[in-house]
Amino acid sequence: MLRAAFFYSKGGNSMLDIKKLRENTEYMIELLNRRGGDFSYLNEVLAQDERRRKIITEVEKIKAQRNEISKKIGQYKREKKDVSEILAQVDNIGADLKSKEQELKQIDEYIKDQLLNTPNLPHPNIPVGKDEEGNVELRKVGEPRVFDFEPKAHWDLGTDLDILDFERAAKITGSRFTVYKGLGARLERVLINWMSDLHAHEHGYTEIIPPYIVNGDSMLATGQFPKFKDDAFKVMDDRDLYLNPTAEVPTINMHRNETLKGEELPIKYTAFTTAFRQEAGSAGRDTRGIIRQHQFNKVELIKFTKPENSDKELEEMLMHSSKVLDLLELPYRVVTLCTGDLGFSMRKTYDLEVWLPSYNTYREVASISNAEDFQARRANIKFKRDKDSKPEFVHTLNGSALAVGRTVVAILENNQQIDGTIVIPKVLVPYMRTEIIK
RNA sequence: GGAGGAAUACCCAAGUCUGGCUGAAGGGACUGGUCUUGAAAACCAGCAGGCGGGAAACCGCGCGGGGGUUCGAAUCCCUCUUCCUCCGCCA
């Protein structure tokens, strides 16, 4: 009970595998350092871990002793024998135990705190770099269109066509919110439908619409918490609730504290959610338009796989995400994130970046990642290969497919015509019931 | 929002009032066996799973979560969560 209390409601697993850390300390610290920062504090964590194990041994010894005496007391009472002598024996045990447990609790909390704030190990083969400058382009697909007129930015296109309304959104809520109107609203909705259809029907994912409010345990399990609490919208309520920041959180947590059957893996979900983010660290960035909003829609792919398959499943997921841009005939590129740009929970990430004429650059529309067992440890998600085999942690993967708002931006900007009208991508015409937004 | 009830191992379920041979009765399912030409039925046997400490022996923890009382808690106290029934309200 003690263990479970400190690490997680059930399971008692740490985030990084502390046993592996014990055995490969230098190597793991070196890998983590590639993210930027100094992770040598893990040496101290290990020292504390050693002390922790020593105290555990002591505490358990006392408990064994106490259990034995208690059992004897029970026996004596049943036999109506005098118990006062044994009772005296046990007098100081309580105090001794209490102080040792207190010490243990402190150490546990220290270790837990350190480990919860330590990110996943970057994959050893990904490029080492400081920030997004270090990301490596894998391939480019399609050619950025050459305009014979000055292309407009999506906020001008959207406002002129009366399909995006920023001023009224500001009136309703504030900055970084948008009202979609008319064919703008329809385009957003159609993209959600079409993307979900593609993944559900063509790619074999099961559709999920999860709750859009999640609890703190869920946020901890997928790695948003404790480190990135400021990015979340807290629900003003006496419960520990937050607005969904990405479908990865509710969808991975569907299986928190579960042991899955080997034969049901891989589990593949496509989840549609509205995501909410504070964007606390991006004040002043992308203030115009709908690139960076507090609220945006996203179709997400989530997989639970066996460890030996997660690499190939990541490649497959990348293909599934890319397929969306292929079919929309939007020019994009695929990059591998370098160690410095990698998200907290992830070992390896590909970004899809779509060409945006008004920015004259590629901008992220999807992020496809393999967390391997990092989230599975935090969330305590395991599987059994066979009925009799030992449970092992699954690997979790997630990828946008795609961020809907940014896809709208890409369509508006890339498909604009000189008169400010927008040509609808062929695949969407049956859904849109029009070939043009004018 | 109001009033009640419940949460026990894969499933059902006893135990909770009256704390101690309950590391958890009894079914069902499952696994193995007997019988059978084969199967069903019947009968016999096995059966928490897991986490942690340890080289191992073995030990510690587990009755929704957390905390407390006690030498000792499934059983007593506090707290949270979830589910069910009724009333009210509501898409």
Side-chain angles (χ1 to χ4, degrees), chain A residues 1-23 46 48-109 111-112 115 209 211-221 235 237-242 253-264 373 376-394:
Chain A
M1 190 184 286
L2 214 61
R3 297 285 70 60
F6 294 126
F7 281 129
Y8 217 42
S9 48
K10 273 213 169 130
N13 304 293
S14 49
M15 322 60 235
L16 281 176
D17 188 343
I18 197 149
K19 283 182 184 160
K20 278 193 185 136
L21 183 62
R22 256 180 240 149
E23 287 156 21
L46 280 178
Q48 291 299 316
D49 175 58
E50 203 166 322
R51 225 177 115 219
R52 169 176 163 268
R53 276 144 62 214
K54 206 179 132 224
I55 298 174
I56 286 174
T57 307
E58 290 170 15
V59 164
E60 291 188 349
K61 216 164 121 190
I62 298 173
K63 282 192 174 176
Q65 213 174 65
R66 188 195 62 186
N67 287 348
E68 207 172 316
I69 294 173
S70 295
K71 216 176 221 172
K72 208 189 273 180
I73 293 175
Q75 205 178 318
Y76 274 39
K77 284 224 165 166
R78 254 175 278 118
E79 294 167 7
K80 307 250 196 276
K81 286 201 227 167
D82 181 42
V83 131
S84 54
E85 207 169 298
I86 323 178
L87 228 42
Q89 277 178 42
V90 94
D91 235 17
N92 46 1
I93 281 188
D96 196 17
L97 190 62
K98 207 161 214 169
S99 78
K100 285 214 160 70
E101 280 189 325
Q102 205 112 51
E103 194 181 356
L104 184 59
K105 187 171 174 172
Q106 268 177 10
I107 295 174
D108 266 335
E109 250 154 29
I111 294 174
K112 184 190 93 170
L115 290 181
I209 300 178
Y212 294 176
I213 293 179
V214 299
N215 59 34
D217 283 348
S218 294
M219 295 287 268
L220 190 80
V235 175
D237 179 278
D238 48 10
R239 288 116 100 203
D240 187 29
L241 300 177
Y242 307 85
N253 276 286
M254 280 176 62
H255 294 297
R256 174 148 47 90
N257 288 331
E258 288 185 17
T259 301
L260 307 163
K261 292 191 189 109
E263 62 264 28
E264 60 187 334
D373 66 358
R377 283 178 185 285
R378 290 182 163 234
N380 190 32
I381 305 171
K382 300 184 172 180
F383 77 102
K384 281 186 175 181
R385 290 179 189 277
D386 300 296
K387 208 169 88 33
D388 301 315
S389 42
K390 267 194 104 61
E392 301 168 53
F393 288 111
V394 299

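Chain letters run A, B, ... following the sequence lines, proteins first, then strands; residues in each count from 1.
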Can a side chain N or O of Lys390(A) be found less than 4.0 Å away from OP1 or OP2 on C51(B)? yes
If I take atom CZ in residue Arg51(A) and atom P in nucleotide G53(B), what distance separates them, rounded to the nearest angstrom? 17 Å
In terms of side-chain heavy atoms of Ile56(A), which of G52(B), G60(B), G50(B) is nearest? G52(B)
If I take atom NZ in residue Lys72(A) and atom C1' in nucleotide C21(B), what distance separates them, rounded to the nearest angstrom? 15 Å
side-chain hydrogen bond (donor to acceptor under 3.5 Å, both in side chains) partners of Gln75(A), counting only residues at least two apart: none
Which heavy atom of Lys100(A) sits nearest to which heavy atom of Ile55(A), and what is that distance? O-CG2, 3.8 Å
Arg66(A), nearest nucleotide to its side chain (from G53(B), G50(B), G72(B)): G72(B)
Nearest heavy atom decides the nucleotide; on that basis, is Asp49(A) or Pro391(A) closer to the 5' end of RNA chain B? Pro391(A)
Where the side chain of Arg239(A) is concerned, which of U81(B), G53(B), G20(B) is the nearest nucleotide? U81(B)
To the closest 0.5 Å, what do you measure between NZ (Lys20(A)) and CD (Glu23(A))? 9.0 Å
Return the value, rounded to whole Å, for the distance between atom CD1 of Ile62(A) and atom C1' of C71(B). 14 Å
Rounded to the nearest angstrom, tell me the gap between atom CG in Leu97(A) and atom P in G60(B). 13 Å
Could you check whether Arg377(A) pairs with Asp373(A) (Lys NZ or Arg NE/NH1/NH2 to Asp/Glu carboxylate O, under 4.0 Å)? yes
Short side-chain N/O contact from Lys77(A) to OP1 or OP2 of G19(B), under 4.0 Å: no
Taking N and O atoms by type only, does the side chain of Gln75(A) place a donor or acceptor under 3.5 Å from a partner on the base of G20(B)? no
Given the C1' atoms of A14(B) and G65(B), what is the spacing between them in whole Å? 24 Å
Return whichever of Ser389(A) or Lys71(A) has its heavy-atom-nearest nucleotide of RNA chain B closer to the 5' end. Lys71(A)
Glu103(A) and Lys54(A) ion-paired at < 4.0 Å: no
Whole angstrom value for the distance that separates C1' of U81(B) from CZ of Arg256(A): 12 Å
In this structure, how many angstroms lie between the C1' atom of G52(B) and the CZ atom of Arg22(A), rounded? 11 Å
Mind running salt bridge (Lys or Arg N to Asp or Glu O under 4.0 Å) on Lys105(A) and Asp108(A) for me, showing each step along the way? CA-CA 5 Å; Lys105(A) 187 171 174 172; Asp108(A) 266 335; over 6 Å; no
Just need the stems in RNA chain B: three or more back-to-back Watson-Crick or G-U pairs, each with both distances under 3.5 angstrom, sorted by first number. B:1-7 with B:81-87, B:10-12 with B:26-28, B:30-34 with B:42-46, B:50-53 with B:58-61, B:64-68 with B:76-80
Phosphate oxygens OP1/OP2 of G60(B): is one of them under 4.0 Å from a side-chain N or O of Asn67(A)? yes
With a 4.0 Å cut-off on heavy atoms, is Ile73(A) in touch with a base, just the backbone sugar-phosphate, or nothing at all? base
Can you find a side chain N or O atom of Lys98(A) that sits less than 4.0 Å from OP1 or OP2 on U69(B)? yes
Over how many whole Å does the gap from Asp238(A) atom CG to C80(B) atom P extend? 9 Å
Using the side-chain heavy atoms of Lys382(A), tell me which of these nucleotides is nearest: G52(B), G60(B), G50(B). G50(B)
Provide the distance between the two P atoms, one in G28(B) and one in C51(B), to the nearest whole Å. 30 Å
Can you measure Lys384(A) atom NZ to A48(B) atom C1' for me and round it to whole angstrom units? 10 Å
Taking atom P in both G64(B) and A7(B), compute the distance separating them and give it to the nearest angstrom. 8 Å
